[in-house]
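Taking it in order: structure first as structure tokens, then the write-up.
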Number of protein chains: 2
Amino acid sequence: MSIQHAPRDLGLVAVTGLGACTRPALVSEPIDESSAAALAQVFKALGDPVRLRLVSLIGARQGGEVCVCDLTSAFALTQPTISHHLKILREAGLIDSQRRGTWVYYRLVPAALERMGELLSAAAG
Amino acid sequence: MSIQHAPRDLGLVAVTGLGACTRPALVSEPIDESSAAALAQVFKALGDPVRLRLVSLIGARQGGEVCVCDLTSAFALTQPTISHHLKILREAGLIDSQRRGTWVYYRLVPAALERMGELLSAAAG
DNA sequence: GCTCGTCATAGACAGCCATCAATACAGGCG
DNA sequence: CGCCTGTATTGATGGCTGTCTATGACGAGC
């Protein structure tokens, strides 16, 4: 996963790890409570303007990697607050991090975003 | 990687695809605060297990319409609580309602779901 | 060793939110 | 009209959450 955080990303991996036909489709049939809770965690992570802008800043960056110092400087918030938001996104499986020397670099997890996107598109269809 | 951490191009990453699509793309360029707030409202609406199950129940229903009484009976929650969640989903533009006689019927707004789905899929690359 | 810079964590606190009970509103039916 | 049923709104409350300050952990370099 990332630096030395405990391996506890249940959100997406648990569900995506299943067979291709058992993915919760949100509207093909009513989802159960545990699936709803797992999916809600990811949407909740996206449900904050700061975190959305963080995702946007990371994804827009050429190379797909941004170090925390650049992210912090893009907001009128303290560094611990940004770190807190990054942790929530990371625990939702939407981003992950890698330390190189002094700096920590974050990047998106495309599979997670793609999966949520497909979920909504399928619900629309 | 340069020796010192220089203020790299934080805002210039954009403007590459000046195609016809002018919607906030989340990743083609960093989104501004107002777009982030608007999008966050929708994701926040989806970021609750009860509301996700409500969307699922409505979308899974044959005909695409569900009356509130059926939704209420699907949860161990009081009717005002369900009504509260429906209001949040409605204000996010994800569902809308129609009164027919005594009952109120809710249905999904596919365009809204599709738009959020495309947003995430595009961000996935 | 020590110090500095970068990032994460802990603790505190204010504001928000999910939930409930009580109440109000709206429509059908006597 | 009055009564009943189905929904929405109000007000209260406990828990969650976004933010801060203070501090700790890690790496680089003197």
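Note that these values count all heavy atoms, side chains included, but never hydrogens, waters or copies made by symmetry. Here is how names work: the chains are called A, B, and so on, in the same order as the sequence lines, proteins then strands, and each is numbered from 1.
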Stepwise side-chain contact (heavy atoms from CB on, under 4.5 Å) test for B:Val66 and B:Leu57: CA-CA 8 Å; B:Val66 189; B:Leu57 283 169; 5.6 Å; no
Between A:Lys44 (NZ) and C:dC17 (P), how many Å, whole number? 12 Å
Are A:Val109 and A:Leu52 in one and the same hydrophobic cluster, where Ile, Leu, Val, Met, Phe, Trp and Tyr link if side-chain heavy atoms are under 4.5 Å apart? no
Under 3.5 Å, sequence neighbours excluded: what are the donor-acceptor pairs made by side chains of residues 34-42 of chain B?
| from | atom 1 | to | atom 2 | distance (Å) |
| --- | --- | --- | --- | --- |
| B:Ser34 | OG | B:Asp32 | OD2 | 2.5 |
| B:Ser35 | OG | B:Asp32 | OD1 | 2.8 |
| B:Gln41 | NE2 | B:Glu91 | O | 3.4 |

Quick one: list whatever passes side chain to side chain donor-acceptor pair (under 3.5 Å) with B:Arg99, sequence neighbours left out. none
Find the distance B:Leu46:CG to C:dA18:P and express it as a whole number of Å. 13 Å
Which ones in residues 94-104 of chain B lie close to DNA chain C, meaning a heavy atom under 4.0 Å from one of its atoms? B:Gly101, B:Thr102
Run the salt-bridge test on B:Lys44 and A:Asp48 with the 4.0 Å N-O cut-off and return the result as yes or no. no
How would you list, by chain and number, every residue that makes a side chain to side chain donor-acceptor pair (under 3.5 Å) with A:Thr81, sequence neighbours excluded? A:Thr78
Does a side-chain N or O from A:Tyr106 land closer than 4.0 Å to OP1 or OP2 of C:dA8, or not? yes
Write down the distance between CD (B:Gln41) and C1' (C:dC16), rounded to a whole number of angstrom. 15 Å
With sequence neighbours excluded, give me every side chain to side chain donor-acceptor pair (under 3.5 Å) pair touching residues 50-60 of chain B. B:Arg51-B:His85
Taking the cut-offs as 6.0 angstrom to the six-membered ring centre and 45 degrees off its axis, would you call B:Arg90 and B:Tyr106 a cation-pi pair? no
For DNA chain D, find the residues of residues 54-89 of chain B with a heavy-atom distance under 4.0 Å and give them by number; none if there aren't any. B:Cys67, B:Val68, B:Cys69, B:Gln79, B:Pro80, B:Ser83, B:Lys87
